[in-house]
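Below, read A as the first sequence line, B as the second, and so on, with proteins coming before strands; counting in each chain starts at 1.
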2 protein chains.
Amino acid sequence: MQSLNDLPAPGGAHPDLDPPPEPARALRGRRTLYVVERIRDMIVSGDLPAGGRISERMITEGLGVTRTPLREAFKILEAEGLVRIVPNRGAEVIHLSPSDIEAAFEVLTGLESVAAELACTRGTAAEFAAIEARHDRMVACQRADDLMGYFHLNQEIHQLIVDCAHNPALSRVYRTESARIRRYRFAGNRVGERWVRAVMEHEQILDALKQRQGALLRELLRTHHINGWRVTRRVLEGELSPPG
Amino acid sequence: MQSLNDLPAPGGAHPDLDPPPEPARALRGRRTLYVVERIRDMIVSGDLPAGGRISERMITEGLGVTRTPLREAFKILEAEGLVRIVPNRGAEVIHLSPSDIEAAFEVLTGLESVAAELACTRGTAAEFAAIEARHDRMVACQRADDLMGYFHLNQEIHQLIVDCAHNPALSRVYRTESARIRRYRFAGNRVGERWVRAVMEHEQILDALKQRQGALLRELLRTHHINGWRVTRRVLEGELSPPG
DNA sequence: ATTCCCTATATTGCATGCAATAATGTCGAA
DNA sequence: TTCGACATTATTGCATGCAATATAGGGAAT
C-alpha cells in the first residue's frame, strides 16, 4: 500500500532514516482529507466489514499517516454517519439494520422528489445529454453483464439528476446519505429480474427528465426506489440469495 | 466563562498550579463533543459572526480546552456545513448567500414533504399531543410578543413533526440542515405581518397532522416554507427592515 | 506618502509523549 | 476444568513541541 510516511520525517523521527521519495510534502493541510477519502472508500465499497472495529494502528500503518490526522478523519466520518466512535474503544464501521436502510431510502426518495421538479425546471440540455450518455453506457454494461460498471453508472446517474436541481446543499446531502447505504444497495442489484426492470424504469426516468415532466419524474423515481428497496430488503433478509 | 482547564493538569503543565475544582475529569472521551456543541451554539445563535474567522486561541482560551479536541471539533463542524477550514489559515464561520439559504429551504421542504406523509401514518397520539402543547405555548408567546420564545418553539415544532416520521436518518439530516440556516431565519420571523400569518398556517398544519391528512399536511408545510422564505429573503436583501 | 521587500511574530499542521482506559494473559481457588 | 482476581500489555484521549505557512511591522527606494 502506498505510504505517505516516505518523507523527511519532520517531528522526532530518526533523522538518518527515510531517504526515499517525498511525494507528500504538498499534502500539508490535506492529510485529514486524504485519510477521510481513503477510509470512506473502504467503507462504502465494503472493504471494511460493517460493524468491524477500525483500530488506529491498522490505518496509520496502512496509509502511512500519524494519529492526529487519522483521528480527525474519524470525527468527520462519524459526522457523515459512516463510523461510530466509542470513547476509549475507538472507531467502528456503522452497521445498518434493514430498517436503517429503509429509513435512508425514505430520505433519498424525499430528496429526489424535490430534485425531480427542480431538475426539470433548471436542468440544462447539456446536463441531460451527460446523463443520457451515462444511461447508454449503463445499458451497455447490462448487456455485457458488467454488474460493477452498471452499479457505478446507476449511482452516478441518480446523483447527476439531483445535481440538475442546481442546489448545492441538496447535492451534498444526497451524496452523503447515498454513500451511507451504497454497500447495501449492491446486493439488490444482483438479482437478475430486478436488474432488467430497473433499466426499464431508468428509460422512463430519462424520458420524463428530457421532457421536463417534473411531476411524472418525481413519481417514477419514487416507484423506482420503492421497487429497489423491496428487492434489496429481501436479499438482505436472506429470502433471495444473490447469484454467484 | 467556565473553563475546563481547572483540573489536575495531566500533560506537561506546572504541577504546582491549578488547585481549583476539577469538574471535568469525567470528560475524557467527550471533550470534542463538548467543544462542538459549544461552538455550534455560538454559530447557530449568531454569537459568532458569519464569515468571521475562529482562531484556535480564541476558543482554547475561552473554553479551556487544548488544541487537539478543538481541531477535531472544527472538522466535525465543517462536515456539518457550519464552518469552513482553509489550510494554514484556520476555521471561519460559513457565510450563506440568499441563494444558499433558498437552497437550504428547498432541502428542508423536501425533507418535510416525506416526513409529512410518514408522520400522518406513523405518528402517535402522544407525539401529536406534545406538538399541540408546544403549539399552544407558541401562540402564548406570540400574544406576549416574546419573539425569542416563539422562534424557539416554532423550530421545535417543525423538528417534532419530522420526528413523527419515526425515521432517525430523516430527523438527523433535518436537524443538521435546519441548524445551518437557523440564524438567518430569525430575521424573517420579526416581520409582524408574517408572524400573524405564520401562526395561522401552523394552526392548519396542526389540524392536518391530527387528522392524519398526509397529502394536505405536505402541501401546507410546503406553502408555509415558501411564504417564510419569501419574507426572509426580503429582509436579508434589505427590502424590509426588521423592526425594533 | 506609497510601494515593495525583508524580518519578526503569530498561527496552523502534524508528530509524538504521557496518562487513562480497555484488552489480554496468568495464576490460583473452587 | 472453570471462573475470577490481578498483573501485563495494548489502545485510546489529550497535551504539547516543532516545523511550515501566513500575517504584521518596519525600513528603504521611489
Side-chain angles (χ1 to χ4, degrees), chain A residues 3-18 22-36 38-39 52-78 83-93, chain B residues 3-15 17-18 22-36 38-39 52-78 83-92:
Chain A
S3 170
L4 284 185
N5 235 356
D6 305 340
L7 51 80
H14 309 234
D16 311 321
L17 300 177
D18 290 358
E22 37 176 302
R25 171 65 63 104
L27 268 177
R28 182 185 163 101
R30 291 161 218 261
R31 269 184 172 68
T32 299
L33 178 63
Y34 169 79
V35 177
V36 165
R38 231 46 214 292
I39 300 179
R53 229 173 104 189
I54 318 176
S55 78
E56 294 183 354
R57 231 159 63 88
M58 163 182 175
I59 303 292
T60 54
E61 294 184 352
L63 297 184
V65 295
T66 53
R67 294 176 62 215
T68 304
L70 169 58
R71 288 176 55 74
E72 292 174 356
F74 278 161
K75 296 293 187 181
I76 292 171
L77 292 164
E78 184 178 44
V83 140
R84 188 168 72 111
I85 298 177
V86 183
N88 294 320
R89 300 201 359 146
E92 64 185 48
V93 181
Chain B
S3 169
L4 284 184
N5 236 356
D6 306 339
L7 50 79
H14 308 234
L17 300 177
D18 290 358
E22 37 176 300
R25 171 65 64 102
L27 268 178
R28 183 186 161 99
R30 291 162 220 258
R31 269 183 171 71
T32 299
L33 178 63
Y34 169 79
V35 177
V36 166
R38 235 39 215 294
I39 300 179
R53 232 174 99 186
I54 318 176
S55 78
E56 294 183 353
R57 233 160 65 88
M58 162 184 177
I59 302 292
T60 54
E61 293 184 351
L63 297 183
V65 295
T66 53
R67 293 176 61 215
T68 303
L70 169 59
R71 289 176 54 74
E72 291 175 356
F74 278 161
K75 296 292 186 182
I76 292 171
L77 291 164
E78 185 178 44
V83 141
R84 188 168 73 111
I85 297 176
V86 183
N88 294 319
R89 301 204 357 149
E92 64 184 49

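B:L70 places its CG atom 14 Å from the P atom of D:dT16, with the value rounded to the nearest Å. The nearest whole Å value for the distance from the NZ atom in A:K75 to the P atom in D:dT12 is 12 Å. Atom CD in B:E92 sits about 16 Å away from atom P in C:dT11, given to the nearest Å. The nearest whole Å value for the distance from the CG atom in B:L27 to the C1' atom in C:dA19 is 16 Å. Distance, B:M58 CE to C:dT11 P: 12 Å, rounded to whole Å. Nucleotide C:dT12 holds its P atom 18 Å from the CZ atom of A:R30, rounded to whole Å. The interatomic distance linking A:I54 (CD1) with D:dT12 (P) rounds to 11 Å, in whole Å. One interatomic measurement links the two molecules: CD of A:E56 to P of D:dC14, which rounds to 11 Å at whole-angstrom precision.
Here B:R67 does not reach the OP1 or OP2 of C:dG13: none of its side-chain N or O atoms lies under 4.0 Å away. The shortest distance between the side-chain N/O atoms of B:R31 and the OP1/OP2 oxygens of D:dC14 is below 4.0 Å.
Counting only heavy atoms from C-beta on, B:R53 has its side chain closest to C:dT12 among C:dT12, C:dA23, C:dA20. Distances from the side chain of B:N88 to the nucleotides D:dT12, D:dA22, D:dC14 place D:dA22 closest. Ranking D:dA22, D:dC14, D:dG13 by closeness to the A:I85 side chain, first place goes to D:dG13. With C:dA20, D:dT21, C:dC14 as the choices, the nucleotide that has an atom nearest any side-chain atom of B:R28 turns out to be C:dA20.
A:R57 comes within 4.0 angstrom of the backbone, heavy atoms only, and of no base.
Between A:I85 and A:V83, some side-chain heavy-atom pair lies under the 4.5 Å cut-off. At a threshold of 4.5 Å between non-hydrogen side-chain atoms, the residues B:R38 and B:Y34 count as touching.
Residues B:E92 and B:R53 are not paired through a salt bridge, judged by the lack of any N-O separation under 4.0 Å between the basic side chain and the carboxylate. Ion pair A:R71/B:E72 flagged as a salt bridge, since at least one NZ, NE, NH1 or NH2 atom sits closer than 4.0 Å to an Asp/Glu carboxylate oxygen.
Atom CD1 of A:I39 and atom CD1 of A:I54 lie 6.0 Å apart (nearest 0.5 Å).
Between A:R89 and A:E72, the one whose closest nucleotide on DNA chain C sits nearer the 5' end is A:E72. Each of B:T68 and B:S55 lies near DNA chain C, and the nucleotide nearest B:S55 is the one positioned closer to the 5' end.
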